[in-house]
Amino acid sequence: MKRAGILNAALSGALARLGHTDEVLVCDAGMPLPPGVEVVDLAFLPGVPAFADVLDGLLAELVVEGAVAAEEVRAANPACHALLGERLPALTHVPHERLKELSRSARLVVRTGEARPYANVILRCGVAF
C-alpha cells in the first residue's frame with residue numbers, strides 16, 4: 001500500500017497513464033459527465049470530498065501547463081474562483097456551455113462531491129522536464 005500521495009487505485013492508475021497535453025476535467029457533483037471518457041467518481045456525500053481537496057491532491061501529482069474554468073464561477077462561486085486563481089495562475093475562462101463542450105475531449109474526469117455551482121476546471125497536462 002502506498003504511504004503517501006493519492007491512495008485511490010483507479011485514480012492513481014489513471015493519472016499514471018496521462019501524457020503531455022492530455023486533459024483532466026475536475027468537476028462538481030452536478031457537472032454532466034461526457035460520454036466515452038474514463039471517470040473516477042470520488043463523490044461520497046454532498047461536499048465530500050471537497051473540490052479544493054481533490055484539486056490540491058491532483059496538483060501534487062501532475063504537471064499542469066494550462067487550465068480552463070467557466071466564466072460564471074466568478075460571480076456564482078467566488079470562493080472557488082479565488083481558489084482556482086491561487087492554484088492556477090494561467091487560468092483562462094470560457095462560458096459554462098463552452099466548458100461542457102471542451103470537457104468532451106478530456107481523457108479523464110475526476111468527479112468530486114462538491115455541491116457548490118461551477119466548481120469545475122479542465123487541467124492540461126504538462127511535462128516534468
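Residues satisfying the side-chain hydrogen bond (donor to acceptor under 3.5 Å, both in side chains) criterion with Glu72, sequence neighbours excluded, are absent altogether. Considering only residues two or more places apart in sequence or on other chains, Glu71 meets the salt bridge (Lys or Arg N to Asp or Glu O under 4.0 Å) condition with none of them. Applying the salt bridge (Lys or Arg N to Asp or Glu O under 4.0 Å) criterion to Glu97, with sequence neighbours excluded, gives Lys100. With sequence neighbours left out, the side-chain hydrogen bond (donor to acceptor under 3.5 Å, both in side chains) criterion links Arg74 to His93. For Arg124, the side-chain hydrogen bond (donor to acceptor under 3.5 Å, both in side chains) criterion is met by Glu65, not counting sequence neighbours. Asp22 pairs by the side-chain hydrogen bond (donor to acceptor under 3.5 Å, both in side chains) definition with Arg107, not counting sequence neighbours.
Between Glu61 and Gly5 the shortest heavy-atom distance is OE2-CA, 3.4 Å. The two residues Pro78 and Ala75 come nearest to each other via the heavy atoms CD-O, 3.8 Å. Taking both residues in full, the closest heavy atoms of Val109 and Cys27 are given as CG1-SG, 3.8 Å, listed atom of the first, atom of the second, then distance.
No donor-acceptor pair under 3.5 Å is formed between the side chain of Glu114 and the backbone N or O of Asp28. Put simply, the side chain of Thr92 gets close to the backbone of Ala67: a donor and an acceptor are under 3.5 Å apart.
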For a side chain to side chain contact (heavy atoms under 4.5 Å, CB included) check, start with the C-alpha distance between Ile122 and Val24, then their side-chain angles and the critical distance, and finish with the verdict.
CA-CA 6 Å; Ile122 297 173; Val24 178; over 6 Å; no

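Pairs of residues two or more places apart, or lying in two chains, never qualify as salt bridge (charged side-chain N to carboxylate O under 4.0 Å, His left out) while including a residue from residues 42-54.
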Could you tabulate the donor-acceptor pairs under 3.5 Å formed by side-chain atoms of residues 6-16, not counting sequence neighbours?
from	atom 1	to	atom 2	distance (Å)
Asn8	OD1	Ala10	N	3.1
Asn8	OD1	Leu11	N	2.8

Quick one: side chains of residues 31-47, donor-acceptor pairs under 3.5 Å with protein atoms, not counting sequence neighbours, listed by atom name and distance.
from	atom 1	to	atom 2	distance (Å)
Glu38	OE2	Arg17	NH2	2.9
Asp41	OD1	Ala43	N	3.0
Asp41	OD1	Arg111	NH1	3.0
Asp41	OD2	Arg111	NH1	2.7

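As a member of the Ile/Leu/Val/Met/Phe/Trp/Tyr network built from side-chain separations under 4.5 Å, Val63 groups with nothing else and remains a singleton. Residue Tyr118 is found in a hydrophobic cluster whose other members, listed by chain and number, are Val73; membership requires side-chain heavy atoms under 4.5 Å apart, directly or through intermediates. Phe129 belongs to a hydrophobic cluster whose other members, connected by ILVMFWY side-chain contacts under 4.5 Å either directly or through intermediates, are Val127.
The distance from atom CD of Glu23 to atom OG of Ser105, rounded to the nearest 0.5 Å, is 4.0 Å. Note that the CG atom of Leu102 and the CG atom of Asn120 stand 12.0 Å from one another [nearest 0.5 Å]. The distance from atom OG1 of Thr112 to atom CG of Leu55, rounded to the nearest 0.5 Å, is 10.0 Å.
The closest side-chain heavy-atom distance from Arg87 to Asp56 is below 4.5 Å. A 4.5 Å side-chain heavy-atom check between Leu108 and Leu25 finds every atom pair outside the cut-off.
Hydrophobic clustering, with ILVMFWY side chains joined whenever heavy atoms are under 4.5 angstrom apart, groups Leu58 together with Leu88. Linking Ile, Leu, Val, Met, Phe, Trp and Tyr residues whenever their side-chain heavy atoms come within less than 4.5 Å places Leu18 and Val121 in a single cluster. Hydrophobic clustering keeps Val94 apart from Leu123 (ILVMFWY residues linked when any side-chain heavy atoms are closer than 4.5 Å, directly or through intermediates). Under the 4.5 Å side-chain heavy-atom criterion for ILVMFWY residues, no single connected hydrophobic cluster contains both Phe51 and Leu99. Residues Leu91 and Leu59 are members of one and the same hydrophobic cluster, defined by side-chain heavy-atom contacts under 4.5 angstrom among Ile, Leu, Val, Met, Phe, Trp and Tyr.
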